Amino acid sequence: MSERIFIGVAWPYADGPLHLGQIAGAYLPPDIFARYHRTKGNEVLMVSGSDQHGTPITIKAEQEGKKPSEIANDYHQQFLDSWQKLGISFDLFTTTGTANHAEVTQDIFLTLLDRGHIYRATVSLPFCPQCQRFLPDRYIEGTCPHCGFSGTRGDQCDACGKPLNTAELIDPHCRLCGTTPQFKDSEHFFLKLSAFRDRLLAWVRQQTHWRRNVLNFTVRYLEEGLKDRAITRDIDWGVPVPVSGFGAKRIYVWFEAVIGYLSAAKEWAKSSGDEEKWRSFWQGEVKSYYFIGKDNIPFHTIIWPAMLMGYDDLNLPYDVPANEFLTIEGRKLSTSRNWAVWLPDYLSRYDPDPLRYLLSVNMPETSDTDFSWREFIRRNNDELVATYGNLVHRVLTFVYRSFDGCVPHYDQIDARGKALESTAYALLNDVGKLLSDCHFKQAIMEAMSLAHETNRYLDEKSPWKVIKDDPQAAANYLYVALEVISCLKTMLYPFLPFSSQKLHEYLGFKGNVEDDGWQLHLPSPGQELLPPEPLFSKLDEGLVEEETNRLGHG
RNA sequence: GGCAGCGUAGCUCAGUGGUAGAGCAGAGGACUCAUAAGCCUUUGGUCGUGGGUUCAAAUCCCUCCGCUGCCA
């Protein structure tokens with residue numbers, strides 16, 4: 001019986017390249033999850049896109065003398081390239097800049113307005129008399145009241161890290177022209193979040209399968225009470241407010257970006273030729289998963305569900321497996337100080353699977369974890385190359401040479417061989433269960449344990465000795481080893497899709513690993529093998545220093 | 001400042017009431033098909049601090065310290 005799975009992935013902000021923190025937290029986990037479900041034979045729709053709106057992009061555009069859309073489009077192309085190289089298998093990765101997205105956003109806006117979930121109110125906001133425009137938080141600079149730093153922006157002080165209100169800034173001035181802002185009335189729309197509190201709380205309390213930090217955080221947040229939030233801004237970059245008299249305002253990004261999950265599903269349906277197909281992933285028997293970093297929790301467990309409750313009969317999230325953060329060489333990641341490993345840089349120098357491996361085995365599922373180059377190279381050399389890659393290579397090269405490049409004909413499997421087969425079957429099930437429960441780290445460790453066990457099996461059976469006197473016994477032993485390697489290929493496929501596909505082909509199979517299903521796919525005796533090559537390469541330890549030196553510069 | 005999560009072996013991390021775990025690093029050994037890989041044995045921790053509950057606590061409760069995130 002096939003299940004249907006909707007996977008929403010956090011929308012990366014298109015104002016800079018992706019870094020490993022984002023990959024470990026929000027992008028690799030859903031891909032592993034999606035690949036597992038597809039292999040299992042389930043229907044998957046995995047969508048996301050670039051978030052093109054918001055003030056960081058307009059500021060960057062003004063600084064670089066470009067249009068916001070140029071900046072956003074450049075990074076969007078870079079994201080697409082990164083997904084392809086890293087193997088992040090979106091069914092659709094779109095942007096918030098499409099006409100479709102604006103249409104869906106405005107429809108939700110108007111529906112919520114019509115039903116009384118959105119109301120108007122006038123607020124007093126900073127306005128620059130010189131530029132003749134309202135100033136969003138980030139357009140105002142001043143002196144931090146906490147630490148005295150003079151380049152503090154309106155939302156948070158970069159020097160001491162404290163968040164603050166624009167009104168608290170000492171000597172505030174417009175970031176563009178330096179003029180002191182005045183306060184001026186402006187009418188805005190507010191989402192009546194407070195009215196959803198009780199419904200949300202009742203719903204959230206039933207989600208006992210959520211990760212503890214996600215559940216506790218959300219419950220406490222709701223128990224403290226919700227404030228209505230403004231969902232429009234006095235800017236000209238974003239989705240227009242579909243109400244007359246609001247031509248100079250736009251819908252605020254936090255309201256609009258989450259709608260992307262729905263608009264992307266609709267765009268995907270349109271391009272598939274069946275406009276109504278999106279419904280099969282939004283209504284009825286389908287589980288929706290949202291993969292995000294911990295900073296995004298309230299938007300996905302409170303605000304987006306509230307919007308969905310107010311809008312229509314669409315499914316609420318089934319699970320929001322938010323990850324914690326990745327630190328780099330023991331320090332908090334900082335894009336402004338360039339204390340980050342950028343994905344395009346990584347991909348220009350290394351293969352995708354070693355990174356996918358490290359980030360899987362060291363995924364920040366329950367607490368922040370650390371990325372270090374030493375650990376990356378160590379895991380690559382000692383675990384991927386030595387344990388798994390070498391297992392595959394020692395079996396394939398020995399079989400290839402000893403049995404004319406074909407899968408050997410076996411005549412019987414002894415008790416030890418049968419025990420190993422059962423272990424493989426059991427692990428395949430266990431790993432599948434762990435993956436469907438979003439326990440990625442444990443899943444990959446269990447999968448790797450089969451490689452260890454198979455290395456032990458080979459050492460016990462020593463087919464390289466046995467073959468001298470009893471070639472048939474060696475054939476029997478090696479056949480079991482080939483079976484188990486084929487099983488490893490399937491179990492590790494969600495994590496290491498590129499090398500699994502290679503192994504699939506070395507074993508003489510055609511087509512894609514995914515098409516063969518989440519099951520032990522037995523090599524047929526006589527099946528021709530491809531000349532084997534190592535699956536992974538060792539990395540020089542000197543790279544540790546080389547890569548570490550790149551951090552913090554530029 | 002409020003809320004949530006985390007703080008376990010030299011390092012990276014598992015482990016939510018019942019005799020402290022894995023991998024790597026360190027020490028020793030047998031083997032040699034394989035990318036000098038793999039396999040076996042082994043050293044190593046008063047589970048951040050101080051209290052409490054319990055026959056029993058890394059695990060539950062409280063204090064404090066530190067880290068991360070959200071909010072003011």
Side-chain angles (χ1 to χ4, degrees), chain A residues 21 25 146 155-156 161-165 167-168 211-227 229 292-303 322-327 329-334 358-402 439-446 448-449 451-468 474 477-478 481 532-540:
Chain A
H146 302 290
D155 55 346
Q156 181 175 29
K162 287 189 179 160
L164 39 81
N165 290 322
E168 296 176 75
R211 288 183 182 171
R212 173 156 59 170
N213 58 340
V214 176
L215 188 60
N216 286 358
F217 181 84
T218 304
V219 168
R220 291 293 175 147
Y221 205 101
L222 288 168
E223 282 176 345
E224 281 174 24
L226 290 177
K227 283 186 190 164
R229 296 179 66 156
I292 57 171
K294 64 175 162 181
D295 53 326
N296 246 328
I297 293 173
F299 293 101
H300 292 78
T301 61
I302 294 171
I303 293 174
N323 273 338
E324 304 289 309
F325 282 2
L326 194 68
T327 53
E329 303 287 351
R331 281 169 51 184
K332 182 164 73 163
L333 197 143
S334 161
L358 174 65
L359 296 182
S360 297
V361 87
N362 197 28
M363 192 176 280
E365 283 179 296
T366 56
S367 62
D368 292 355
T369 59
D370 189 53
F371 173 92
S372 71
W373 285 102
R374 180 166 299 286
E375 185 74 353
F376 168 72
I377 287 169
R378 209 273 303 162
R379 294 257 194 195
N380 177 75
N381 291 353
D382 293 348
E383 297 180 14
L384 265 191
V385 173
T387 303
Y388 174 48
N390 183 58
L391 166 68
V392 168
H393 197 237
R394 70 196 291 209
V395 171
L396 289 181
T397 50
F398 192 68
V399 169
Y400 195 82
R401 276 204 303 261
S402 308
H439 295 145
F440 303 106
K441 200 190 282 196
Q442 204 184 337
I444 193 169
M445 288 197 291
E446 298 242 335
M448 285 296 286
S449 77
H452 280 109
E453 182 59 23
T454 309
N455 272 320
R456 275 193 286 275
Y457 168 82
L458 285 172
D459 280 9
E460 267 175 54
K461 294 300 185 184
S462 307
W464 49 89
K465 279 185 192 164
V466 174
I467 197 166
K468 292 168 191 159
Y477 299 149
L478 286 164
E533 305 261 344
L535 285 182
F536 309 100
S537 307
K538 279 197 118 180
L539 294 170
D540 190 317

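Every chain is numbered from 1, with letters handed out A, B, ... down the list of sequences. Predicted model, so just to flag it, every value in this text is computed and none were measured. Every heavy atom of this structure was used, including side-chain atoms; hydrogens, water molecules and symmetry mates were not.
Taking only side-chain nitrogens and oxygens, A:Thr366 comes nearer than 4.0 Å to OP1 or OP2 of B:rA14. For A:Lys294 and B:rA4, the shortest distance from a side-chain N or O to OP1 or OP2 is not below 4.0 Å. At least one side-chain nitrogen or oxygen of A:Asn216 sits closer than 4.0 Å to the OP1 or OP2 atom of B:rG5. Phosphate contact (OP1/OP2 of B:rG5, side-chain N/O of A:Arg211, threshold under 4.0 Å): absent. Between A:Arg379 and the phosphate of B:rU12, there is no side-chain N or O to OP1/OP2 separation shorter than 4.0 Å. When the side-chain nitrogen and oxygen atoms of A:Lys538 are compared with OP1 and OP2 of B:rA37, one or more of them lie within a distance under 4.0 Å.
Salt bridge annotation for A:Asp368-A:Lys294: present, with a cationic side-chain nitrogen under 4.0 angstrom from a carboxylate oxygen. By the 4.0 Å N-to-carboxylate-O rule, A:Arg456 lies too far from A:Glu460 to be salt-bridged with it.
A:Asp459 comes within 4.0 angstrom of a nucleotide base, judged by non-hydrogen atoms across all strands. Here A:Thr369 lies in heavy-atom contact (under 4.0 Å) with sugar-phosphate atoms only. If you check every strand for non-hydrogen atoms under 4.0 Å, A:Arg374 touches nothing. Across all strands, A:Glu383 comes closer than 4.0 Å only to sugar-phosphate atoms, never to a base (heavy-atom distances). Residue A:Leu539 is classed as having no contact, given no heavy-atom separation below 4.0 Å to the nucleic acid. Backbone-only engagement by A:Phe398 is indicated by non-hydrogen atom pairs under 4.0 Å involving sugar-phosphate atoms exclusively.
A donor N or O paired with an acceptor N or O is not found under 3.5 Å between the base of B:rA4 and the side-chain atoms of A:Asn213. A donor and an acceptor atom never sit less than 3.5 Å apart when one is taken from the side chain of A:Arg220 and the other from the base of B:rC3.
Checked against B:rC3, B:rC24, B:rC6, the side chain of A:Glu224 finds its nearest nucleotide in B:rC3. Of the candidates B:rG38, B:rG69, B:rG5, B:rG38 carries the atom nearest the A:Thr387 side chain, counting heavy atoms from C-beta on.
Rounding to whole angstrom units, CG of residue A:Asn455 and C1' of B:rU32 are separated by 13 Å. One atom, OH of A:Tyr221, and another, P of B:rA4, lie 14 Å apart when rounded to the nearest Å. Between the CG atom of A:Asp382 and the C1' atom of B:rC11 there is a distance of 13 Å, rounded to whole Å. Atom pair A:Asn381:CG and B:rA25:P shows a separation of 11 Å (rounding to whole Å applied). Straight-line distance from the CZ atom of A:Phe325 to the P atom of B:rU68: 11 Å, rounded to whole Å. In this structure, A:Asn362 places its CG atom 15 Å from C1' of B:rC6, rounding to the nearest Å. The distance between atom CZ of A:Phe440 and atom P of B:rA14, rounded to the nearest whole Å, is 15 Å. One can place CZ of A:Arg456 at 16 Å from C1' of B:rA37, the figure rounded to the nearest angstrom.
Ring orientation note: the planes of A:Phe371 and A:Trp373 are nearly perpendicular, at an angle over 60° on the 30°/60° scale. A:Phe398 and A:Trp464 have perpendicular rings, their planes meeting at more than 60° on a 0 to 90° scale where under 30° would count as parallel.
Formation of a donor-acceptor pair under 3.5 Å by the A:Tyr477 side chain with backbone atoms of A:Tyr457 is not found in this model.
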